[in-house]
Engineer: 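Mind looking over this structure? Questions follow.
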Amino acid sequence: MSGSSALFKTDGEKVMQSSKIERSGLQIDVFPTREEASAAAADEVEALLRKKDSVNLGLATGSTPLPFYRELVRRHREEGLSFAQMEGFNLDEYEGLPPEHPESYDSFMQQQLYAHIDARESHLLPGIYQNAEEACRAYEEKIVEKGGLDWQLLGIGGNGHIGFNEPGSPVDSRTRRIELDERTRRDAVKQFGTLEKVPLAALTMGIGTILEAKRIVLMAWGAGKAGILQKALQGPVTAEVPASFLQTHGNVRILIDEEASQG
Ligand code: F6R
């Protein structure tokens, strides 16, 4: 690649960061492929599993983490990596979907990860609940009771959301019910088939909840994410681009492929 118009430049295997990015306190690593970037994320998880008796991972769904989960499953199967001391906490769940619904994030996590590894426990926000506030409070309490999140995985939505913290979400927001943006719902039509079938709302960890994780790794692939990444990582810190709040955390790593780096 020429690199001249790239936001974040790579030189083959060697990863470089732009000076602007260094100033924002974010570590940005650009990899030739999403598989290599995902392996770098898996290396972090493996290091935690080998070091700690108890590891709490914050986990994301969507298309972005698929190669990451494939890599974790491969390491478990082929290399005997044990997840016995791991507990997972998912970022979000669609309102109204029971766990067995094919598009629930519960189903997604079972299919992509939990059915194939030996994790100690998986925690997910419910899609069906009596009282959203209570369900969200219980989830926050569970995270605290377990000692907090050691490592949080994030993707980024086309509108800059993390979890389902849509534009306008405050930096101190906690786990809560949120109505989904039109853009987010349109992006989900490819999974649900029609816009009418896409849920109108979800429960999501808040920005404040996410920012309490000790380390955060955000992954993004493809040219379609380049514009929003540029805004989130180099633009002003603003609730209009919720991922921009990551600039304030201090222990965030951004893993992207070359296409996503062409801002
Ligand atoms: C998923 C989540 C969302 C996605 C984001 C990107 O649990 O919280 O923030 O990470 O919408 O989705 P993909 O990866 O499908 O582009």
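Each ligand, and each atom within it, is numbered from 1 in the order the structure gives. Just so we're clear, the structure is a prediction, and the values are computed from it rather than from any experiment.
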Engineer: Around atom NZ of K146, are there more than 12 heavy atoms of other residues, nucleotides or ligands at under 6.0 Å?
Structural biologist: yes
Engineer: Using side chain to side chain contact (heavy atoms under 4.5 Å, CB included) as the criterion, point out the one residue from N251, V55, V217 that pairs with W151.
Structural biologist: V217
Engineer: Heavy atoms under 4.0 Å from ligand 1: which residues qualify?
Structural biologist: A60, T61, G62, S63, T64, L91, D92, G155, I156, G157, H161, G163, K225
Engineer: Going by the side chain to side chain contact (heavy atoms under 4.5 Å, CB included) test, name the single residue among Q111, Q110, Q112 that passes it with F108.
Structural biologist: Q112
Engineer: Should we say atom CD of Q130 is surrounded by more than 12 heavy atoms from elsewhere, each under 6.0 Å from it?
Structural biologist: no
Engineer: Take E140 and T209 through the side chain to side chain donor-acceptor pair (under 3.5 Å) test and state the conclusion after the steps.
Structural biologist: CA-CA 8 Å; E140 292 254 345; T209 322; 2.7 Å; yes
Engineer: For R176 and N165, test the side chains for any donor-to-acceptor distance below 3.5 angstrom and give the result as yes or no.
Structural biologist: yes
